[in-house]
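Reading through the structure tokens given below for one structure.
Letters go in sequence order (proteins before strands), and every chain restarts at 1.
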Amino acid sequence: METMERYDPQVIEAKWQQVWDAEQAFVVPNPGPGELVDHRDKTYVVEMLPYASGELHMGHVLNYTIGDVLCHLRRRRGLRVLRPMGYDAFGLPAENAAIKEGGHPRVITERNIRTIREQMRRMGWAIDWSREISSHEPEYYRWTQWLFLRFFERGLAYRKEAAVKWCPNDQTVLANEQVIDGHCERCGAEVEAKSLTQWFFKITDYADELLDEMELLEQWPERVLTMQRNWIGRSQGARVVFTVEGSGEELPVFTTRPDTLFGATFFVLAPEHPLVPELVAGTEHEGAVLDYVRHAAARSTVERETKEKDGVFTGRHAVNPVNGESIPIWVADYVLIEYGTGAIMAVPAHDERDHAFAERYGIEIRQVVAPADGGAGQDEGAFVAHTENEVLVNSGGFTGLPAPEGKRAITEWLSAQGKGEATVGYRLRDWLLSRQRYWGCPIPIVHCEACGAVPVPDDQLPVLLPEVEDYMPKGRSPLAAAEDWVAVACPACGGAGRRETDTMDTFVDSSWYFIRYCDPGNDHEPFSREIADYWLPVNQYIGGVEHAILHLLYARFFTKVMNELGLLGFREPFARLFNQGMITAHGAKMSKSKGNVVNPLEYAERYGADAVRIYTLFMGPADEDMDWQDAGIDGAWRFLNRLWRVAHEQAAQTGGAGAAEAGVDTALARKAHRTIAKVTDDIDRRFLFHTPIAAVMELVNEIQRSPDDPAARFSAETAVSLIQPYAPHFAEELWQHLGHERLWEHPWPVADPALLVEDQVEVVVQVNGKLRDRLHVPAGTSEEELVALALASERVQAHLNGGEPRKTIVVPDRLVNIVV
RNA sequence: GCCGAAGUGGCGGAACUGGUAGACGCGCCGGACUCAAAAUCCGGUUCCCCUCGGGGAGUGUGGGUUCGAUUCCCACCUUCGGCACCA
């Protein structure tokens, strides 16, 4: 008996990683010109690229192992698989990490990238390293700038002064998407409101497309689509033009309830509304109103949202266009300047906020909509919740109309009078892209007294990020200190110009990286359209749900614009999206402060990368949250060792290559074929990664129980082959031991349909739906025969109590149910 | 408040189109091997009742459809996630 060598993952994993490296096993060149037409044999898998501020964590391991399993399977099924990798390297977290360590952001970031790359190689992921990119390299951000300029030319990148969110800790503005509950998404500091001139992308122009083209995203998780829908927040309504009594100045409002127009008993302006000072100028109310405006400005966003509603009367009135009624104009900070027109008509009977305000200040509450049956809500002064089947009351000529019709009729009437129109409101705001920080992509614009904001000509790109002595955040961009760099001739007139010193939000960098992968070395355009149109849209995008809004919305927006620029032939970048769950550690969210961070690399040192990969996917459904248990990886380790022994036993028993007998028909052979079918179907169709492992475990258990079965060798080879996407080093080593070569490119096994069915089946016998006996019969036994066999059963007879069967239900090969 | 997802043994989970609930793994119990331990292997493991044979209950709760429901329908409870002064 030969002594079996021990399974030593460290040696095996190093060995095969070297082989794959030397052979460039996973490098996929772009197809030649003639091949670019046919998309059917390609698959493009992208996992969200790692952010270069630290090391690899469990989330990455899950993310990239899912992608790896899918890629191995598809590659072995004969598809041309593109699977690249890169680094999201610019931005706040990388810069903050550098500041904390006291090094230059570039040095720290590039060191982090080296670590991450090393760790990714250690995990054995089959990545095409020839396409590696990083967003902080000039070869990449040159094209980020180039794209910015195309947006600028189209008016999709513009500067405006606006109320913006400011993070006092990170000393920069934030996009709306980066504010969570009034706090900075990154550092958690409470966000302040400021009025500043900043760069924006006009993503609101694409609100409808971003909503409507979700149709093209059938394979996206419902929760992500819902979150994007909520974020965009489209609501149908009307623009209604009130006028200031006396001056006749127009005061438009947006409302989703034009049917309640007759119930408007006051009017409210946001404190920041430009008309406020003018309205009260020289009146007795001026002091109080301007005082209120100052106080509102000093309040934090959070305070504004949580305090009791308050406001101040301006002394002026607005005229309601439907009935000519004069209603008092108030200023209150529960009205937001950034939504709608920054002004509202207040209908206290039908809006909770207006109701609270009216109660506090003793303003009339007039009900204008009531349930059609005339039932509830008739007592004056009450807030009436919106219900089905309502009709208008107290609404002049519109009284009696059902509410939906009232909406339409009033809107049409306003339209005819030139006092309003049907319109759509969105929650989505333009994407604020400039940042007052050092470590980012410079915005390629020169400001000139004479010409304004002038684009840097394409042939002068990239605008390199200058070296500065002090890159600490201080409320204005550190680039402003690089005087030599800032002072530059205006590209338009040649006069004195100054470079834009803000840098771009890092989400700009990551909005197009998945296209650059296709053509990473291109130095005369961001990518070749032909090549991009071949690989994209991405067949499978994989990443965490934390990007459900931010990155995924931005990347969709970019793709649509690039499509309209003629750079791409498609409108949605990611045909299918998979969101993996979060991995917690022993029941709690992993965090450095709790000290419960599970470092995957440490476990790879102890058990090997293959065991870590297996356990990570075996924990549970990959799209749900999972909890890391140390005992669990022991199970993965034991499983690999069991398969190791089983395969060695078979190799010793049946000799070298070619000994596997695929044709034999035994119970074990059938089990092997069913396993092939299940593993393939679960991964490729059902996107399940844990059940295939369980299926292979079952197969291995079966082989172990009958090692002398004529199909044992074949079954062992099948188990090795099926586990290869999960444990590629381990499988490769066993494959070699079994006398074969190059499992990574060996065709994926195909189940023999003839062996997928059992010849003997167990048929369950129920009496009144309760299990009473089991029959072991040949598959295909007729219904009559099954009933006869069932009735012949003593156990069944005992439960029939002599009663006559009223009805029998037969499911062939599965069950007989006798009803008495 | 609005929107979404989910509730199954001691634990992670399986059961795909309504048809044997608890696969697979962890943990635990018992046994074999060993001087002993580790490793490995074998058996058991939803709960309750029972001497054996077996019987009863059971997938968050309450109803319903069905010969039959974890699966379909209605109502509710709980947990998690997102949005929220959005007019």
Side-chain angles (χ1 to χ4, degrees), chain A residues 6 180-181 221-231 233-235 237 253-257 260 268 270 301 304-307 309 332-336 338-347 350-354 356-357 385 425-429 545-546 548-549 582 587 614-615 618-621 623-636 638-639 641-642 645 678 681-682 685-686 688 690-701 704-705 762-771 773-774 795 798 805-811 813-820:
Chain A
R6 199 171 55 89
I180 312 289
D181 248 350
E222 194 51 46
R223 60 176 163 172
V224 174
L225 295 177
T226 304
M227 281 161 78
Q228 293 214 353
R229 258 183 229 115
N230 288 346
W231 188 260
R234 173 159 67 188
S235 44
V253 299
F254 173 73
T255 178
T256 54
R257 298 291 307 276
T260 63
V268 190
T301 327
R304 247 173 104 147
E305 284 180 16
T306 46
K307 72 172 174 58
K309 287 184 185 20
D333 64 2
Y334 79 92
V335 172
L336 309 174
E338 64 264 34
Y339 186 75
T341 60
I344 62 159
M345 64 168 200
V347 185
H350 304 289
D351 181 282
E352 277 183 88
R353 297 153 298 177
D354 298 344
F357 194 86
Y426 299 92
R427 215 193 70 100
L428 183 72
R429 310 286 149 70
V545 75
E546 66 273 18
I549 295 170
M582 194 179 59
I614 292 258
Y615 177 54
F618 187 62
M619 271 190 275
D623 57 353
E624 288 173 25
D625 290 351
M626 287 167 278
D627 192 50
W628 178 278
Q629 305 281 345
D630 282 343
I633 194 160
D634 288 327
R638 270 176 236 161
F639 162 62
N641 277 284
R642 219 175 323 135
R645 282 191 302 273
K678 176 162 177 65
D681 186 58
D682 278 2
R685 181 180 65 86
R686 300 178 68 201
L688 293 177
H690 57 148
T691 46
I693 300 174
V696 176
M697 284 173 170
E698 281 187 57
L699 178 60
V700 174
N701 291 346
Q704 211 168 22
R705 250 171 279 195
E762 189 183 81
V763 172
V764 169
V765 183
Q766 298 178 334
V767 176
N768 291 334
K770 283 192 189 276
L771 179 100
D773 204 357
R774 298 158 197 274
R795 297 182 192 200
R806 200 157 51 85
K807 188 175 175 186
T808 54
I809 288 103
V810 182
V811 182
D813 291 347
R814 299 206 79 149
L815 129 168
V816 177
N817 188 12
I818 298 165
V819 187
V820 256

Identify which nucleotide among B/A14, B/U40, B/A87 has an atom closest to any side-chain atom of A/His690, counting heavy atoms from C-beta outward. B/A14
A/Lys807 side-chain proximity, nearest of B/A87, B/A15, B/C67: B/C67
Closer than 3.5 angstrom, by distance alone: can the side chain of [X] be matched with the main-chain N or O of [Y] as a donor-acceptor pair?
X        : Y        : result
A/Asn817 : A/Gly769 : yes
A/Arg429 : A/Arg427 : yes
A/Tyr615 : A/Asp630 : no
A/Asp354 : A/Val347 : yes
A/Gln228 : A/Ala548 : yes

N-glycosidic conformation, B/G9 - syn within 90 degrees of 0, else anti: syn
Can you check B/G53 for me, syn or anti if syn means within 90° of 0? syn
Send over the distance from [X] [atom1] to [N] [atom2], rounded to a whole Å.
X        : N     : atom1 : atom2 : answer
A/Met582 : B/A6  : CE    : P     : 17 Å
A/Arg229 : B/C2  : CZ    : P     : 18 Å
A/Ile344 : B/A87 : CD1   : C1'   : 6 Å
A/Asp623 : B/A6  : CG    : C1'   : 11 Å
A/Glu338 : B/A87 : CD    : C1'   : 13 Å
A/Lys770 : B/U66 : NZ    : P     : 19 Å
A/Glu352 : B/C2  : CD    : P     : 10 Å
A/Asp627 : B/C11 : CG    : P     : 13 Å

Among residues at least two apart in sequence or on other chains, which ones pass ring pair (Phe, Tyr, Trp, His ring centres under 6.0 Å) with A/Phe618? none
Evaluate the side-chain proximity of [Y] to [X]: yes if any heavy-atom separation is below 4.5 Å, no if none is.
X        : Y        : value
A/Lys678 : A/Pro692 : no
A/Ser235 : A/Tyr426 : no
A/Val816 : A/Ile818 : yes

Set of side-chain contact (heavy atoms from CB on, under 4.5 Å) partners for A/Asp625, sequence neighbours left out: A/Met582
So A/Arg795, base contact, sugar-phosphate only, or nothing? Heavy-atom distance under 4.0 Å. sugar-phosphate
Have a look at A/Pro621 and say if it touches a base, only the backbone sugar-phosphate, or nothing, with a 4.0 Å heavy-atom cut-off. sugar-phosphate
Using the [atom1] atom as the point on both nucleotides, what is the distance between [M] and [N], in whole Å?
N     : M     : atom1 : value
B/G25 : B/U45 : P     : 15 Å
B/C28 : B/U20 : C1'   : 27 Å
B/G10 : B/G44 : C1'   : 16 Å
B/U46 : B/C11 : C1'   : 13 Å
B/A6  : B/U70 : C1'   : 13 Å
B/U59 : B/C52 : C1'   : 32 Å
B/A21 : B/A69 : C1'   : 12 Å
B/A15 : B/A39 : P     : 31 Å

Got a sec, which residues hit salt bridge (charged side-chain N to carboxylate O under 4.0 Å, His left out) with A/Arg685, two or more places apart in sequence or on another chain? A/Asp681
Can you pull every protein N or O that's under 3.5 Å from an N or O on nucleotides 16-27 of chain B?
unit_1 : atom_1 : unit_2   : atom_2 : d
B/C16  : O4'    : A/Arg686 : NH2    : 3.2
B/C16  : O2     : A/Arg685 : NH2    : 2.8
B/U20  : O2     : A/Arg774 : NH1    : 2.3
B/U20  : N3     : A/Glu762 : OE1    : 2.9
B/A23  : O2'    : A/Glu698 : OE2    : 3.0
B/G25  : OP1    : A/Asn701 : ND2    : 3.3
B/C26  : OP1    : A/Arg638 : NH1    : 2.7
B/G27  : OP2    : A/Arg638 : NH1    : 3.4

How do A/Met345 and A/Glu222 order along RNA chain B: which one's closest nucleotide is nearer the 5' end? A/Glu222
Which residue lies toward the 5' end of RNA chain B, A/Val819 or A/Leu688, if each is placed at its nearest nucleotide? A/Leu688
Regarding A/Asp627 and A/Gln629, do their side chains bring together a donor and an acceptor under 3.5 Å, going by distance alone? yes
Name the pairs: protein N/O against N/O of nucleotides 81-84 of chain B, kept only if under 3.5 Å.
unit_1 : atom_1 : unit_2   : atom_2 : d
B/C83  : O3'    : A/Arg427 : NH1    : 3.0
B/A84  : OP1    : A/Arg427 : NH1    : 2.7

Paired stretches of RNA chain B - 3 or more consecutive Watson-Crick or G-U pairs, each distance under 3.5 Å: B:1-7 with B:77-83, B:10-12 with B:24-26, B:27-32 with B:40-45, B:46-49 with B:54-57, B:60-64 with B:72-76
Less than 4.0 angstrom from a charged side-chain N to a carboxylate O is my criterion; do A/Arg229 and A/Glu222 meet it? yes
Salt-bridged, A/Asp351 to A/Arg257, with N to O below 4.0 Å? no
B/C67 phosphate, OP1 or OP2: any side-chain N/O from A/Thr808 under 4.0 angstrom? no
